[in-house]
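The next block holds one structure in the form of structure tokens; read it before the comments.
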Amino acid sequence: PEAVAEMCRDQLAPSGAGPYGLADGWGLGWARYGDGGDGPVFLGHDGTGDGTSCHLRFDPVGGTVVALTGKADTGQALWTDLLDRLRESGLPVADHPSTGAAGLGPTVPGPADCVGRYTNGELEYAVTRDADGGLRLGLGSAAPHASAPLYTLECDAGLRFVLRERATGPLGHRGRFLRDHDGRVSHLQLSGRLARRAQEDPRTP
């Protein structure tokens with residue numbers, strides 16, 4: 001029981017980092033959902049790939065388990081619809097909204113010191129500024145070029161943002177920029193994944 005309790009405990013709560021945009025907390029292999037809510041805390045894990053979407057939630061106290069495996073890239077939308085149906089039937093399964101602008105403040109221009117490259121292993125994000133002063137995000141080593149898939153970042157004053165595909169697409173995943181102890185933007189966090197600013201990028205004091 002002690003080992004299970006440790007697996008379920010939020011390991012990142014003291015640091016303030018947390019899996020922002022992905023879950024409410026993070027145990028040893030398990031994401032936490034529902035921290036701070038009125039209902040029970042659920043644990044679980046999601047996984048996505050090209051054409052697949054998998055979701056698992058379980059209530060370690062009440063014993064409720066919900067799992068969904070989708071074989072299409074609409075699996076995330078199906079999961080959201082399923083949770084709505086379960087809640088309507090009296091089974092409130094905790095989740096964390098990973099897309100949309102819920103919880104974000106009014107949109108403001110993105111700070112200039114957010115511009116730069118951020119890396120997590122082989123994954124690279126490039127944040128650039130468009131002609132109107134807004135921020136864009138590209139993926140991969142070719143991210144700064146026009147041929148790369150670009151997203152518009154709609155930021156609030158707390159450096160939190162939501163992605164919008166190109167200029168007209170729907171609102172997508174949520175993320176945020178993080179500042180270091182000197183107040184400089186040092187990390188980008190998107191869907192829970194943390195990317196460090198590339199060392200060669202100039203920083204604005």
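Along the sequence shown, the residues carry numbers beginning at 1.
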Locate the shortest heavy-atom distance separating A31 from W26; write the atom from each residue and the value. CB-CZ3, 3.2 Å
Once you round to the nearest 0.5 Å, how far does CZ of R196 lie from OH of Y118? 12.5 Å
Measure the shortest side-chain to side-chain distance between L43 and Y33 over non-hydrogen atoms and say whether it is less than 4.5 angstrom. no
Shortest non-hydrogen pair, C114 vs V185, comes out as SG-CG2, 4.1 Å
Any non-hydrogen side-chain atom of E6 less than 4.5 Å from a side-chain atom of Q11? yes
Interatomic distance, R117 atom CZ to R197 atom CZ [nearest 0.5 angstrom]: 10.5 Å
Least distance between heavy atoms, D182 atom then D180 atom: N-OD1, 2.9 Å
Give, for atom CG of L137 and atom CG of L188, the distance between the pair rounded to the nearest 0.5 Å. 6.5 Å
Do L178 and Q189 have side chains that get closer than 4.5 Å, going by heavy atoms? yes
Donor-acceptor pair, D59 side chain versus V61 backbone, under 3.5 Å? yes
Is there a continuous path of hydrophobic side-chain contacts, each under 4.5 Å between heavy atoms, that joins L56 to L83? no
Under a single-linkage definition using a 4.5 Å side-chain heavy-atom cutoff for Ile, Leu, Val, Met, Phe, Trp and Tyr, are L91 and F42 assigned to the same hydrophobic cluster? yes
Measuring from atom OH of Y151 to atom CG of L139, what distance do you get when rounded to the nearest 0.5 angstrom? 5.5 Å
Nearest heavy-atom approach of L68 to G75 is CD2-O, 4.3 Å
If I compare all heavy atoms of G34 with all of D24, which pair ends up nearest, and what's the gap? N-OD2, 2.7 Å
Strictly below 4.0 Å, N to O, side chains only: are R57 and D95 in salt-bridge contact? yes
The side chain to side chain contact (heavy atoms under 4.5 Å, CB included) partner of R136 among V115, D130, V127, L153 is D130
Cation-pi check, R176 onto F161 ring (under 6.0 Å, within 45° of axis): no
Does any non-hydrogen side-chain atom of R160 lie less than 4.5 Å from one of Y20? yes
Please tell me if the side chains of E154 and L135 come closer than 4.5 Å, counting only heavy atoms from C-beta onward. no
R174 and side chain to side chain contact (heavy atoms under 4.5 Å, CB included): which single residue from L190, L104, L22 fits? L104
Counting distance only, does the side-chain N/O of R193 pair as donor-acceptor with the main-chain N or O of P19 below 3.5 Å? no
Can you check whether T107's main-chain N or O pairs, donor with acceptor, with D156's side chain at less than 3.5 Å? no
Verify the cluster assignment for F58 and L82: are they in a single hydrophobic cluster under the rule of side-chain heavy atoms below 4.5 Å apart? no
Which value, rounded to the nearest 0.5 Å, describes the distance between D35 atom CG and H96 atom NE2? 10.5 Å
Under 4.5 Å between any side-chain heavy atoms of L78 and S53, yes or no? no
Is any side-chain heavy atom of C8 closer than 4.5 Å to a side-chain heavy atom of V4? yes
Once the angle between the rings of W79 and H55 is folded into 0 to 90°, is it parallel (under 30°), tilted (30 to 60°) or perpendicular (over 60°)? parallel
Give me the atom names and distance for the closest heavy-atom approach of V108 to A157. CG2-N, 3.7 Å
With a 4.5 Å limit on heavy-atom distance, are the side chains of L86 and V66 in contact? yes
Is there a donor-acceptor pair under 3.5 Å between the side chain of R87 and the backbone N or O of V93? yes
